[in-house]
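Some notes on the structure that comes next.
Keep in mind the model is a prediction, meaning the values are calculated, not measured.
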Amino acid sequence: PTSASVCVRLRLTARAAALLRSPDVSTPAHSTGLPTLREPAVARRVRFEPKPGLVVADKYRVDEVIGEGGMGIVVSATHVGLDQRVAVKFLLPEAMRSPEVVERFLREARIAAKVKSEHVARVSDVGTVDDGTPFIVMEHLEGADLGAILRRDGQLSVEEACEITLQACEALAEVHAAGIVHRDLKPSNLFVTRRADGAPCAKLLDSGISKLTDAGDGGDDPALTGT
């Protein structure tokens, strides 16, 4: 062999020895003996578990989990100072990996706080738990969303369908008057409760993908645009 090829071999041998000594490589038993790069360890956020009896922010005692979606988990809770039932929504760790989703979650609270309407679910508080998980405190609603009602009961009566539609329009008018476009009106985002006389009372939910129409929102995102 030429002196040049010997030098190349020596450099390759030295490089292989350095890799074998490195803590960032390993040699699996089934491999050919060549070192392979280890997968970097990825820190996983531990999921916050709102168990019954847990007191959040020294104010809200968790009673039970009432729902879970792609972004968050919702619990029924009691304000310990006021003895008032509330609903608390926590953001899930999977959603917290995206700054955009966190912003949407907090935007829901800001938007709901701007609107004062019987037909828009009220938000009374926001905060974070000790591990950084954000939460929103909302009014506690008894009933079901319109999508679940339609799946369970089928077609509504003409009177009830008209009443819910008019209430949804009233909610949207209030939202629009506050400079907000909801962008995701659908049956699952209309929660139907009952008044004392049994009449329906619709509540507009999920303002997380709404758009503020003033310049402070930073512009529209077509990927979030709903119905």
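Taking each heavy atom of Pro200 and Gln167 in turn, the nearest pair found is O-NE2, 3.0 Å. Of all heavy-atom pairs spanning Val86 and Thr78, the tightest one is CG2-N, 4.5 Å. Nearest heavy atom pair, residue Val102 against residue Ala95, reads CG2-O, 4.4 Å. Taking both residues in full, the closest heavy atoms of Ile149 and Ala144 are given as CD1-O, 3.7 Å, listed atom of the first, atom of the second, then distance. Across Val62 and Lys51, no two heavy atoms sit closer than the pair CB-O, 3.5 Å. The shortest non-hydrogen separation linking Val65 to Pro50 is CG2-O, 4.2 Å.
Between the CZ atom in Phe191 and the CD atom in Glu142 there is a gap of 7.5 Å [rounded to 0.5 Å]. Considering NZ of Lys203 and CD of Glu118, their distance stands at 5.5 Å, rounded to 0.5 Å. Note that CG of Leu146 and CG of Asn189 are 10.5 Å apart. Values are rounded to the nearest 0.5 Å. For the atom pair Lys59 NZ and Leu82 CG, the distance stands at 9.5 Å (nearest 0.5 Å). Atoms CG and CD1, from Leu91 and Ile136 in turn, are 8.5 Å apart once rounded to the nearest 0.5 Å. Between atom OG of residue Ser117 and atom CD of residue Glu170 there is a gap of 5.5 Å, rounded to the nearest 0.5 Å.
Ring-plane geometry between Tyr60 and Phe135 is classed as perpendicular, the angle between the planes exceeding 60 degrees on a 0 to 90 degree scale with a lower cut at 30.
Ion pairing of Glu160 with Arg194 is present here, as a side-chain N (NZ or NE/NH1/NH2) and a carboxylate O approach within less than 4.0 Å.
Hydrophobic clustering (side-chain heavy atoms under 4.5 Å, transitive across Ile, Leu, Val, Met, Phe, Trp, Tyr) keeps Leu166 apart from Leu190. Leu185 is connected to Ile164 through a chain of hydrophobic side-chain contacts under 4.5 Å among Ile, Leu, Val, Met, Phe, Trp and Tyr, so both are in one cluster. Hydrophobic clustering of Ile, Leu, Val, Met, Phe, Trp and Tyr side chains at less than 4.5 Å, counting indirect connections, unites Leu156 with Leu204. Hydrophobic clustering, with ILVMFWY side chains joined whenever heavy atoms are under 4.5 angstrom apart, keeps Ile66 apart from Leu54. Note on Phe48: it does not cluster hydrophobically with Val74, by side-chain heavy-atom contacts below 4.5 Å among ILVMFWY residues.
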Check: Passes side-chain contact (heavy atoms from CB on, under 4.5 Å), Leu205 versus Leu141? Steps please.
Finding: CA-CA 11 Å; Leu205 303 176; Leu141 300 175; 4.2 Å; yes
Next item on the list: Using the side-chain contact (heavy atoms from CB on, under 4.5 Å) rule, take Asp58 and Val80 through it: C-alpha gap first, then chi angles, then the decisive distance, then the call.
Entry: CA-CA 8 Å; Asp58 296 326; Val80 294; over 6 Å; no
Margin query: Run the side-chain contact (heavy atoms from CB on, under 4.5 Å) test on Thr133 and Thr128 for me, step by step, so that the C-alpha distance in whole Å, both residues' side-chain angles and the decisive distance to 0.1 Å come before the verdict.
Written below: CA-CA 5 Å; Thr133 300; Thr128 57; over 6 Å; no
Next item on the list: Any chance you could lay out the side-chain contact (heavy atoms from CB on, under 4.5 Å) test for Glu68 and Leu92, step after step, and finish with the verdict?
Entry: CA-CA 9 Å; Glu68 182 172 340; Leu92 292 174; 3.7 Å; yes
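Heavy atoms of other residues, nucleotides or ligands lying less than 6.0 angstrom from CD of Gln155 number 12 at most. The environment of Asp83 atom CG is sparse: at most 12 non-hydrogen atoms of other residues, nucleotides or ligands sit within 6.0 angstrom.
Side-chain N or O atoms of Glu139 include one that pairs as donor or acceptor with a backbone N or O of Arg122 at under 3.5 Å. Between the side chain of Lys89 and the backbone N or O of Val137, no donor-acceptor pair lies under 3.5 Å.
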